[in-house]
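A quick write-up on the structure given underneath.
In each ligand, atom 1 is the first atom listed, and ligand 1 is the first ligand listed. Everything numeric in this text was worked out from a predicted model, so none of it was measured.
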Amino acid sequence: MLTVLSVKDAKERILSAVTAQTHCTTVPLPDATERVLARLVAAHHDLPTFPRSTMDGYAVRAKDTFGASESMPALFDVVGEVMMGQAPPAAVAAGQALRIATGGMLPEGSDAVVMVEHTEELGGATLAVNRAVAPGENTIARGEDIKAGETILPAGHILRPQDIGALAAMGQVMIDVAKKPRVAILSTGDELVMPDMEPKAGQIRDINSYLLSAWAQCCGAEPSRLGIIPDTAEELLNALQNTGDYDCVILSGGSSAGTRDHTASCIDQLGKPGVLFHGVSMRPGKPLIFGVVDGKPYFGLSGNPTSAMVGFLLFVRPLLLQMAGAVERNPVITARAERNLSSASGREDYIRAALYEQEGQLWARPILGQANLISTVVRGDALLRIPQNSEGIEAGDTVEVMLI
Ligand code: AMP
Ligand code: MG
């Protein structure tokens with residue numbers, strides 16, 4: 001029985017059917033890139049911990065410069081120099097200045113820095129300042145970057161390089177992150193051989209094991225390729241029974257309703273509740289199977305590599321992110337379609353497209369071709385979405401695109 005759901009309903013059923021969450025683990029900061037934060041990170045202290053100069057120049061009291069100009073410079077006594085990485089040697093009193101470099105610690109009593117370009121050392125430690133500065137000018141206040149107690153990063157955040165930098169600034173060198181969901185990946189099909197083999201007539205190399213494990217890696221999971229399974233129910237069932245160590249199982253191929261397609265019946269034989277739906281009203285990737293057995297999710301994706309990839313991106317990726325407690329960051333990106341595209345109403349289409357910029361606008365050039373052609377996703381940078389209720393789009397229409 002093929003219960004065909006909309007893309008939206010299918011995604012909702014998947015996300016609500018699986019409550020399992022991966023546990024947490026602690027990793028050294030350099031290994032935390034792209035990992036999911038297990039708990040929020042708050043600042044233990046102000047950043048910076050002391051006021052700093054943002055220019056090379058002289059630390060002064062701003063009010064001592066008021067009224068200064070080229071023709072009427074304000075005169076200061078230079079009473080010393082702030083060395084980088086050291087506390088200032090002296091405080092600044094009225095009419096005094098300390099030499100300071102970018103990043104130097106502002107001396108007590110000073111509240112601004114005059115850029116060196118606006119000064120002249122006249123000899124005998126006398127400094128002429130020919131432009132006024134406002135209080136706070138050319139400085140960063142203590143805590144201006146991050147305040148003690150402030151939440152820097154929320155739980156579920158996927159750590160980007162800039163976040164790693166902020167954690168380093170706060171001295172957080174061990175980070176609690178979600179364990180990566182372990183994903184078993186199996187390819188089914190009598191025609192498949194491993195990529196390091198020379199295919200004989202009628203055989204093809206297994207693309208999907210590698211394509212899907214690479215995508216799983218890209219969304220923070222830990223994939224294991226369990227190999228190629230021939231098109232027999234016995235061997236498929238046997239392979240599925242050996243996936244106990246994994247948090248999620250992805251099969252590709254054999255998801256249609258043909259005589260050699262055993263995926264759905266094998267998932268049902270594994271246990272309860274079994275297959276929850278079979279078929280999503282979309283192209284490519286309509287024959288998609290989703291099942292749950294003992295709380296563990298099973299996906300049966302179409303064997304066509306592009307279909308398998310679209311199914312992965314629309315359904316498997318959000319689930320893997322949910323299992324890791326990750327908050328998905330997916331701003332909707334729009335582009336203008338370069339040409340007319342027709343689509344059957346009642347079905348959501350994902351057209352491969354190449355993006356380019358022209359006169360400040362993002363355009364999507366459709367790449368047409370069968371879902372079996374891996375080249376369509378290699379040449380494309382995005383999937384252009386034609387909504388379910390639409391019968392197509394016209395050249396110039398603004399459409400949603402998903403970067404791939
Ligand atoms: P199926 O979903 O098993 O009906 O397969 C649909 C198409 O995808 C067929 O042309 C298969 O040969 C092809 N196919 C299935 N699995 C893979 C795979 N792992 N790598 C490349 N092509 C595949
Ligand atoms: Mg097959």
Side-chain angles (χ1 to χ4, degrees), residues 1-5 10 183-218 221 223-240 243 246 248-268 275 277-291 298-317 347 349-350 352 367-380 383 404:
M1 184 194 60
L2 219 67
T3 328
V4 177
L5 295 179
V183 181
I185 295 173
L186 301 100
S187 284
T188 70
D190 290 335
E191 72 280 26
L192 303 177
V193 298
M194 299 284 283
D196 59 355
M197 303 279 287
E198 204 50 56
K200 299 198 186 81
Q203 296 183 326
I204 59 166
R205 292 194 174 100
D206 173 15
I207 294 175
N208 294 344
S209 291
Y210 291 81
L211 171 70
L212 297 173
S213 61
W215 270 116
Q217 236 167 5
C218 286
S224 296
R225 290 183 302 276
L226 301 191
I228 297 166
I229 316 299
D231 283 320
T232 71
E234 298 69 40
E235 290 189 76
L236 182 54
L237 189 59
N238 185 44
L240 286 177
T243 55
Y246 299 93
C248 175
V249 178
I250 308 173
L251 293 142
S252 74
S255 67
S256 310
T259 48
R260 304 190 63 74
D261 297 331
H262 306 294
T263 302
S265 64
C266 284
I267 293 173
D268 274 335
V275 172
F277 65 82
H278 190 171
V280 180
S281 49
M282 63 188 232
R283 190 165 81 176
K286 180 181 178 194
L288 185 136
I289 297 166
F290 177 69
Y298 290 78
F299 287 93
L301 305 178
S302 163
N304 286 312
T306 296
S307 312
M309 174 167 147
V310 172
F312 183 97
L313 294 177
L314 294 182
F315 305 114
V316 186
R317 175 163 68 180
R347 178 184 84 198
D349 277 18
Y350 287 86
R352 281 72 74 197
I367 297 170
L368 302 181
Q370 297 271 0
N372 197 260
L373 307 184
I374 186 74
S375 61
T376 61
V377 278
V378 172
R379 286 191 283 127
L383 298 173
I404 55 174

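- Heavy-atom contacts of I204 reach the following atoms of ligand 1: 12 (O), 21 (C), 22 (N), 23 (C) (cutoff under 4.0 Å).
- Of the polar atoms of N304, at least one N or O is found under 3.5 Å from an N or O of ligand 1, judged by distance alone.
- Close contacts between ligand 1 and S187 involve ligand atoms 19 (N) [criterion: under 4.0 Å to a heavy atom].
- For ligand 1, the polar-atom distance check finds an N/O of E191 within less than 3.5 Å of one of the ligand's N/O atoms.
- Against a heavy-atom cut-off of under 4.0 Å, N372 is close to the following atoms of ligand 1: 7 (C), 8 (O), 10 (O), 13 (C).
- Of the possible donor and acceptor atoms, one in the side chain of T188 sits under 3.5 Å from a partner among the backbone N and O of S252.
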Test side-chain hydrogen bond (donor to acceptor under 3.5 Å, both in side chains) on D268 and S265; report intermediate values, then the result. CA-CA 5 Å; D268 274 335; S265 64; over 6 Å; no

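- Residue Y298 is tested with T263, V275, L240, I250 for a side-chain contact (heavy atoms from CB on, under 4.5 Å); the sole match is L240.
- When G303, S307, A308 are ranked by how near their heavy atoms come to atom 2 (O) of ligand 1, first place goes to G303.
- Of all the atoms in ligand 1, the ones that sit under 4.0 Å from a non-hydrogen atom of G254 are 1 (P), 2 (O), 3 (O).
- With a 4.0 Å heavy-atom cut-off, ligand 1 is reached by no atom of I228.
- If you check which protein heavy atom lies closest to atom 20 (N) of ligand 1, you get I207 N, 3.0 Å.
- The shortest N or O to N or O distance between D206 and ligand 1 is below 3.5 Å.
- Residue A233 comes nearest to H262 through the heavy atom pair N-CD2, 3.5 Å, listed as atom of the first residue, atom of the second, then distance.
- Counting all heavy atoms, side chain and backbone alike, R352 lies closest to G369 at NH2-O, 2.8 Å.
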Scan the side chains in residues 190-204 for donor-acceptor partners under 3.5 Å anywhere in the protein, sequence neighbours excluded, and list what turns up.
from, atom 1, to, atom 2, distance (Å)
D190, OD1, D231, N, 2.8
D190, OD2, R260, NH2, 2.2
Q203, OE1, K200, N, 2.8

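- Summary of contacts: the protein heavy atom closest to atom 18 (C) of ligand 1 is N208 ND2, 3.3 Å.
- Residue G253 has no nitrogen or oxygen atom sitting less than 3.5 Å from a nitrogen or oxygen atom of ligand 1, judged on distance alone.
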Less than 3.5 Å apart, which donor and acceptor atoms pair up between the side chains of residues 299-314 and the rest of the protein, not counting sequence neighbours?
from, atom 1, to, atom 2, distance (Å)
S302, OG, N304, N, 3.4
N304, OD1, N372, ND2, 2.5
T306, OG1, A371, O, 3.4
T306, OG1, L373, O, 3.2

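- Note that OH of Y350 is 7.0 Å distant from CE of M282, once rounded to the nearest 0.5 Å.
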